[in-house]
Student: 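Sharing a structure with you now.
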Amino acid sequence: QLQLVESGGGLVQPGGSLRLSCVASGSSLNYRAVGWFRQAPGKQREAVSCMSSGGGHTNYADSVKDRFIISRDNAKNTVTLQMDSLRAEDTAVYYCAPVFEGDCERRFGWDSWGQGNQVTVSS
């Protein structure tokens, strides 16, 4: 059974950086497209970024383009999200999940969520 654990979040000042990691266990991520989602207080969960199963295609929400970079390391069964130039509006709980190939908005083949990881951007 696939389990995903997010880590790397924390408190950072505006303009700072964080690197989130999503580590899979119980199943390989090698043949899965994977996305990052976030949910801010009082808001719907939204897709942030995703990467194709082969790693050759990436997508980003307009709000994070040129600031966030998604990557994967299949040897470590891990997906990461490098977040630079963080803003207060990036504050949210971040989650990773398998997604439909080419569609960051649609989770695929997995009905669960991990615990998520809190990112707080504040001065």
Side-chain angles (χ1 to χ4, degrees):
Q1 183 178 353
L2 177 66
Q3 291 186 307
L4 299 175
V5 178
E6 302 92 344
S7 64
L11 175 65
V12 65
Q13 294 190 352
S17 298
L18 287 172
R19 185 181 180 91
L20 300 181
S21 295
C22 172
V23 180
S25 62
S27 183
S28 175
L29 292 178
N30 289 358
Y31 296 97
R32 302 173 187 259
V34 180
W36 283 96
F37 300 78
R38 68 185 182 187
Q39 187 167 27
K43 296 184 178 180
Q44 296 284 106
R45 183 179 277 117
E46 64 175 344
V48 175
S49 178
C50 64
M51 173 171 279
S52 63
S53 57
H57 300 280
T58 58
N59 293 93
Y60 299 91
D62 288 341
S63 59
V64 307
K65 285 182 178 178
D66 301 319
R67 299 191 298 118
F68 291 11
I69 299 176
I70 189 171
S71 61
R72 65 193 304 160
D73 185 341
N74 288 335
K76 296 182 178 180
N77 215 13
T78 299
V79 177
T80 64
L81 185 69
Q82 178 66 43
M83 305 183 295
D84 297 325
S85 301
L86 284 163
R87 306 165 180 169
E89 54 263 40
D90 295 318
T91 296
V93 177
Y94 285 71
Y95 305 85
C96 59
V99 300
F100 187 83
E101 198 80 51
D103 189 349
C104 295
E105 303 289 342
R106 298 172 58 190
R107 298 177 71 229
F108 183 80
W110 197 56
D111 294 328
S112 301
W113 292 101
Q115 293 299 307
N117 202 238
Q118 179 71 50
V119 171
T120 302
V121 185
S122 177
S123 60

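All values below come from the heavy atoms of this structure, side chains included, with hydrogens, waters and symmetry mates left out. FYI, the numbering just counts along the sequence from 1.
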Student: Could you tell me the separation between the CD atom of E46 and the CZ atom of R38, rounded to the nearest 0.5 Å?
Tutor: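 The CZ atom of R38 is 4.5 Å from CD of E46, to the nearest 0.5 Å.
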Student: Would you mind writing out the side-chain donor-acceptor pairs for residues 116-123 within the sub-3.5 Å range, not counting sequence neighbours?
Tutor:
residue: N117; atom: OD1; partner: G8; partner atom: N; Å: 3.4
residue: N117; atom: OD1; partner: G9; partner atom: N; Å: 2.4
residue: Q118; atom: NE2; partner: A92; partner atom: O; Å: 3.4
residue: Q118; atom: NE2; partner: T120; partner atom: OG1; Å: 3.3

Student: Measuring from atom CG of L81 to atom CD1 of I69, what distance do you get when rounded to the nearest 0.5 angstrom?
Tutor: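 Rounded to the nearest 0.5 Å, the CG-CD1 separation comes to 9.5 Å.
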Student: Under the 3.5 angstrom rule, does the side chain of R72 hit a backbone N or O of S52 as a donor-acceptor pair?
Tutor: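 At least one qualifying donor-acceptor pair exists.
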Student: Measuring from atom CG of N30 to atom CG of N74, what distance do you get when rounded to the nearest 0.5 angstrom?
Tutor: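 N30 CG to N74 CG: 4.0 Å, rounded to 0.5 Å.
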Student: In the single-linkage hydrophobic clustering (I, L, V, M, F, W, Y; side-chain heavy atoms under 4.5 Å), do V93 and V34 co-cluster?
Tutor: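 Shared cluster, no.
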Student: Under the side chain to side chain donor-acceptor pair (under 3.5 Å) rule, collect the residues that match up with R106, sequence neighbours excluded.
Tutor: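 So R106 forms no side chain to side chain donor-acceptor pair (under 3.5 Å) with any residue.
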Student: Nearest 0.5 Å, please: how far is SG in C96 from CD in E6?
Tutor: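 Reported value, rounded in 0.5 Å steps: 4.0 Å.
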Student: According to a hydrophobic-cluster definition based on side-chain heavy atoms being under 4.5 Å apart (Ile, Leu, Val, Met, Phe, Trp, Tyr only), do Y94 and V5 belong together?
Tutor: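 No, because Y94 and V5 fall into different hydrophobic clusters, even though each may have its own neighbours under 4.5 Å.
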Student: Between S85 and D66, is there a side-chain heavy-atom distance shorter than 4.5 Å?
Tutor: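 SC-SC contact between D66 and S85 ruled out.
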Student: Mind listing the side-chain donor-acceptor pairs of residues 17-25 below 3.5 Å, one per line with the distance, residues two or more places apart or on another chain?
Tutor:
residue: S17; atom: OG; partner: D84; partner atom: OD1; Å: 2.8
residue: R19; atom: NH1; partner: Q82; partner atom: OE1; Å: 3.2

Student: Could you tell me whether the side chain of S27 and the main chain of Q1 form a donor-acceptor pair under 3.5 Å?
Tutor: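 Not at all, since once roles are kept as given, no pair shorter than 3.5 Å links the two residues.
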Student: Which heavy-atom pair separates C104 from V99 by the least distance, and what is that distance?
Tutor: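 Heavy atoms of C104 and V99 come nearest at O-CG1, 3.8 Å.
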Student: Which atom pair, heavy atoms only, marks the closest approach of L29 to N77?
Tutor: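 Heavy-atom minimum between the residues: N-OD1, 2.9 Å.
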Student: Any ring pair (Phe, Tyr, Trp, His ring centres under 6.0 Å) pairs touching residues 95-123, not counting sequence neighbours?
Tutor: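 Passing the test, one end in residues 95-123: F37-W113, Y95-W113, F100-F108.
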Student: Below 4.0 angstrom, N of the basic side chain to O of the carboxylate: do K65 and D62 qualify?
Tutor: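 Yes, this pair counts.
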Student: Please check: side-chain N/O of Q3 versus main-chain N/O of G26, any donor-acceptor pairing under 3.5 Å?
Tutor: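 Side chain of Q3 to backbone of G26: no pair is present.
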Student: Please determine whether side chain to side chain contact (heavy atoms under 4.5 Å, CB included) holds for the pair D90 and R67, giving the CA-CA distance in whole Å, both sets of side-chain angles, and the decisive distance to 0.1 Å.
Tutor: CA-CA 11 Å; D90 295 318; R67 299 191 298 118; 2.8 Å; yes
Student: Using the test side chain to side chain donor-acceptor pair (under 3.5 Å), find all partners of K43 that sit at least two apart in sequence or belong to another chain.
Tutor: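 In terms of side chain to side chain donor-acceptor pair (under 3.5 Å), with neighbours along the sequence ignored, K43 is linked to no residue.
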Student: Can you name the closest pair of heavy atoms from S71 and M51 and give their distance?
Tutor: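 For S71 and M51, the tightest heavy-atom pair comes out as CA-CE, 3.7 Å.
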Student: What residue pairs, at least two apart or across chains, pass ring pair (Phe, Tyr, Trp, His ring centres under 6.0 Å) with a residue in residues 56-93?
Tutor: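 Counting only pairs at least two positions apart or across chains, no ring pair (Phe, Tyr, Trp, His ring centres under 6.0 Å) contact touches residues 56-93.
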